[in-house]
Amino acid sequence: MFRQTKSVFQKLRYLSFNGQQHTWRLKSTSARERALQYQPGQKIHGFTVKEVVAVPDLFLTAVKLTHDKTGAQYLHAARDDSNNLFSVQFRTTPMDSTGVPHILEHTVLCGSEKYPCRDPFFKMLNRSLSTFMNAFTASDYTMYPFSTQNGKDFKNLLSVYLDAVFFPCLREQDFWQEGWRLENEDPTDNNSPLMFKGVVFNEMKGAFSDNERLYAQHLQNKLYPDHTYSVVSGGEPLAIPDLTWEQLKQFHATHYHPSNARFFTYGDLPLEPHLKQIQEEALSKFACIDPKTEVPSQPPCLCCSVLDITDAFEGLTLSLLSSLMISGPNSPFYKSLIEPKLGTDFSSVVGYDGSTKEASFSIGLQGVDEEDIERVKQIISQTIDKIIENGFEERRIEALIHKLEIQIKHQTTNFGLSLASYIASSWNHDGDPVELLQISDSVAKFRQALKENPRFLQEKVRQYFKENTHRLTLSMSPEESYLEKQAKAEEEKLQKKIEVLSDSDRKQIYEKGLELLAAQSRTQDVSCLPALKVSDIEPTIPITPVQISTAGGVPVQYCEQPTNGLVYFRALCNLNTLPEDLKVFVPLFCSVITKMGCGALDYRQQAQQMELRTGGMSVSTQVITDCNELDTYEQGILLSSSCLERNLPHMFQLWSDIFNSPHFDDEERLRVLVMQSAQELANSIAYSGHLYAMTRAGRHLTPAGDLQETFGGMEQVTFMKRTAAMADLSQIIRTLPRLKIHLFNPNNMRCAINSTPEKVSDAAAHLEGFIKDVAKNRKERKPVRPNIIEVKLNRENKICEPTFHPCPMKTFFQMPFPVNFVSESIRAVPFSHKDYASLCILARMMTAKFLHGEIREKGGAYGGGAKIGGGLFTFYSYRDPNTVQTLSAFGNGIEWAKSGKFTQQDIDEAKLSVFSAVDSPVAPADKGMGQFLSGVTDEMKQSHRQRLFAVDHKNLVDVAERYLSAGQKTCGVAILGPENDVIKKDPSWIIK
């Protein structure tokens, strides 16, 4: 719930870019009431009920059980939410850095006794309507969660997951593919050089090129040097090739046992069928063992460990204390470390971290000059002394508790998954998960402790940070030759492996490489796997009613929803009158406009008011391609905020002040924000390189693509880096008010409110008052570019560029990474076009049936595929050892689609996968947003749905030929990756 520094490798097994969300809907309270009828001591399908607790704050009933025969622990959270979740987690405590739990997590999903086909996990993505399917490796546990809204689907997925974790095949071939192998660079040529390959090997090379990830890993290893936390659970790239297949199987035998397992289910499906299926398909086949996976406490002389995380109240107290110390401009460490600009931002690991058995607290900076390190250490010590002396303002504590209240009330679509993650670490070490869920009890206890002892928090600071002598100081500095050294070390490791090979070993490696390639290329018989049918998909979508009105002449959309006492406000302001030369400044304007102060409030008071009165206020850029025309789009900024119903007047007052009198003149404050923003963008490339490659590839294909690159692509990263390096920011200070005049103009604005039916008229009255307050910003202004036609559609002011000519371009960004991010984008059709549905199905089918095998299984990349959006059909790969080979795979995918070598079963599976995204539930806060932002009505969604159902074999071959063929397509290509001699020598590439 609070920021944690878990080194969790989220298996983004299929990367999702559309921000799809999954939600719960308020229904009758039947699931909660049903669960309350269980009694402690009751026996159900081999389990005994231990505890039944109502948790009214979270609208759920918790039922805790234990399995009689194996001792497996079980928690069921009954809640009236149709997005049901299952998760099983095992305590996994490796004692070396070969990545055994991580490679095992990949390998168990590659086939099991009941489902022996290769890779049932990926196959099930296309045979189910799951809203989430994944697996995570943390430092000391491995978790396997899935969620779905369909009861039949839940049973199918539960069967596959249970068989995968308890009865996996763990074939040697799967270990080679997912973990590591020695193989010829070209597996079909035994004279090509030998090299290391493997999905996890390449994934971890990518992870270790991310400086934030590297720092966090070293911090944990050195803070807890005596047991499992001293190693890299995900795998250190140079240690991964020391892992043997035998060791992998042994780790499974000792760790993946019900006696070492914790099961969690969530949602509105009844508990008993879950227990029956888990008992019959898995647990009945095991006896109780002592898994011996406990993590001992770290000897106290070495480490800055804070407390055992199983103490729920102390954990909450420390996470609240951590927020008071470091969050926002009013916090003591922000004032003492960030504002003097000793560094660019806090270090990647900051604050309370409850992801290890003994929690820790870290404070540090990135971008610090070497000569300032001692000074930073002194300031940290002095700041702790000041906190002990002065404590915290009462209003800051109130603001923090208010924030917690909003977090509890705000309904997300993946609430079950959030709960599973929230309880995982503490439960993993035998903490009580039910106690963790009773957040209000802990908050009440916290308030009581403060009331009884006003110095309660100061004493905690003294206890944990002043008198605790177990601390670690870690500094990390850049090294010019870091990548070269890594590559050299890998080469040395490779040579050591090669030196000891006999001729027969080499022959065997070559033959095994050919066997693996043959297995990867064979068409799989997946008939053993359960599947839903297309007929299981609902034919129609539920309608979301919205009312369209105006407030002070500004169009407003109202959507009545069960928002649990919160009001959500959005406003879209278009940029049509903004001069072209100011466009690149818009993201910076958005990131600083709510953080510089406004009206009578300086930036500290503004931050305090926002925390006390709202659930957050933000401004972001929006570029929305038109549903009907590719060269028409809307450009704007989106204002978003939420508040408890009682705080409506305060929230709108804050927006009025931001519109009417934002502060831009504090250069010191602006510099802090610019440095933070530039640092965040630079750090995001290692993790989101595929998104930057996709944005750049689409840049010259549509007018919207060009603006997306300006706002959120490598162009923006470069601009912010340049801005952060400027000695004098006065030019920026002069520019921001110019932007404000164009952006905060009620003439160019439309608004949306989501709230409970009872509060709509109240929200409307306050919105009306806000529009009146900002009326003086109204200005009639002309669009800037004469060759652009402004189109007024519904309530949207769109831009049409009739003279736009798409232009193919190939761009290579040389980066300090050992892996690549590759993308090719092709100009296609907008959402309402009759062929859009066929291209959606084609993208999903190509990903599952062709690109996954070529890019991940054969190529060794962590991920790859195709998607369509914004009128562009885009291929991508993620943490990929290849470049040219991947571009060939994209081309071969198109040829495969044109050849029509796919079955009706392949098409149906692609439809299931597409519908699981289309039908993923939407939170009450976000209902009606598709219509508000993009003009996509429920009727348009229903037409699209009917077209998806109707897609057939002929349509798919036809769209592949018409839009993706070499002669037909206009495409852009972009790669982010290490130095590449082949591309350097090719004059068709632009090298950045």
Side-chain angles (χ1 to χ4, degrees), residues 1 21 23-27 29 55-60 79-81 395 397-413 415 439-440 443-444 447 544-552 554 556-571 594 599 601 606-619 638-659 750-774 922-929 932:
M1 192 168 276
Q21 295 189 339
T23 195
W24 63 285
R25 297 192 284 276
L26 280 176
K27 298 193 292 191
T29 52
V55 186
D57 294 343
L58 302 179
F59 303 97
L60 61 83
R79 192 170 191 252
D80 299 303
D81 178 352
R395 282 176 78 74
I397 298 168
E398 276 311 311
L400 192 61
I401 291 171
H402 168 260
K403 192 174 174 182
L404 199 57
E405 184 186 356
I406 284 201
Q407 280 177 337
I408 292 168
K409 281 183 175 290
H410 175 66
Q411 298 157 36
T412 58
T413 49
F415 192 73
I439 300 165
S440 310
V443 171
R447 282 186 184 278
T544 300
V546 296
Q547 290 89 41
I548 306 299
S549 179
T550 60
V554 172
V556 187
Q557 172 184 294
Y558 294 101
C559 187
E560 297 179 357
Q561 289 294 323
T563 57
N564 205 9
L566 288 171
V567 178
Y568 295 88
F569 165 71
R570 273 90 161 192
T594 56
L601 307 172
Q606 181 186 28
Q608 178 112 310
Q609 279 301 306
M610 279 163 57
E611 289 217 320
L612 261 176
R613 304 297 193 181
T614 77
M617 299 173 70
S618 65
V619 183
L638 181 68
L639 284 55
S640 306
S641 64
S642 62
C643 67
L644 296 168
E645 289 167 347
R646 66 174 186 259
N647 285 325
L648 265 170
H650 302 285
M651 178 177 79
F652 279 117
Q653 185 56 54
L654 281 165
W655 278 123
S656 295
D657 288 344
I658 288 168
F659 262 66
R750 64 177 186 275
C751 302
I753 297 263
N754 283 27
S755 81
T756 55
E758 303 79 49
K759 278 291 161 185
V760 166
S761 60
D762 203 8
H766 287 293
L767 176 60
E768 188 95 35
F770 160 67
I771 302 293
K772 266 201 194 99
D773 280 352
V774 300
V922 180
D926 299 320
K927 287 275 173 90
M929 277 302 110
F932 175 70

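The structure displayed is predicted, hence computed values, not measured ones. Values below: every heavy atom of this structure, side chains too, minus hydrogens, waters and symmetry copies.
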Just wondering, do [Y] and [X] contact through their side chains at under 4.5 Å, heavy atoms?
X      : Y      : answer
Leu60  : Asp81  : no
Val760 : Ile753 : no
Leu58  : Phe415 : yes

Salt bridge Arg570-Asp926, side-chain N to carboxylate O under 4.0 Å: yes
Arg447/Glu398 ion pair, N-O < 4.0 Å: yes
Would you compute the distance between atom [atom1] of [X] and atom [atom2] of [Y] and round it to the nearest 0.5 angstrom?
X      : Y      : atom1 : atom2 : value
Ile771 : Phe659 : CD1   : CZ    : 7.5 Å
Leu767 : Phe569 : CG    : CZ    : 6.0 Å
Leu404 : Ile401 : CG    : CD1   : 8.0 Å
His410 : Asn564 : NE2   : CG    : 10.5 Å
Lys759 : Leu644 : NZ    : CG    : 11.0 Å
Ile439 : Ile408 : CD1   : CD1   : 4.5 Å

CA sep, side-chain torsions, deciding dist, call: Leu648, Cys643, side-chain contact (heavy atoms from CB on, under 4.5 Å): CA-CA 7 Å; Leu648 265 170; Cys643 67; 4.2 Å; yes
Under 3.5 Å, is there a donor-acceptor pair between the side chain of [X] and the main chain of [Y]?
X      : Y      : value
Gln547 : Glu560 : no
Glu768 : Gly552 : yes
Asn754 : Gln561 : no

Mind listing the closest non-hydrogen atom pair of [X] and [Y] along with its distance?
X      : Y      : result
Ala763 : Phe652 : O-CE1, 4.3 Å
Val922 : Lys927 : O-CE, 3.4 Å
Val567 : Ser755 : CG2-CB, 4.0 Å
Ser640 : Trp655 : O-CZ2, 3.7 Å
Ser656 : Asp773 : OG-OD2, 3.3 Å
Thr594 : Ile658 : CG2-CD1, 4.0 Å

Residue pair His766, Met651: steps toward the side-chain contact (heavy atoms from CB on, under 4.5 Å) verdict: CA-CA 9 Å; His766 287 293; Met651 178 177 79; over 6 Å; no
For the pair Leu612 and His650, evaluate side-chain contact (heavy atoms from CB on, under 4.5 Å) and give the outcome as yes or no after the intermediate values. CA-CA 10 Å; Leu612 261 176; His650 302 285; over 6 Å; no
Trace of the side-chain contact (heavy atoms from CB on, under 4.5 Å) decision for His402 with Asn647: CA-CA 11 Å; His402 168 260; Asn647 285 325; 3.6 Å; yes
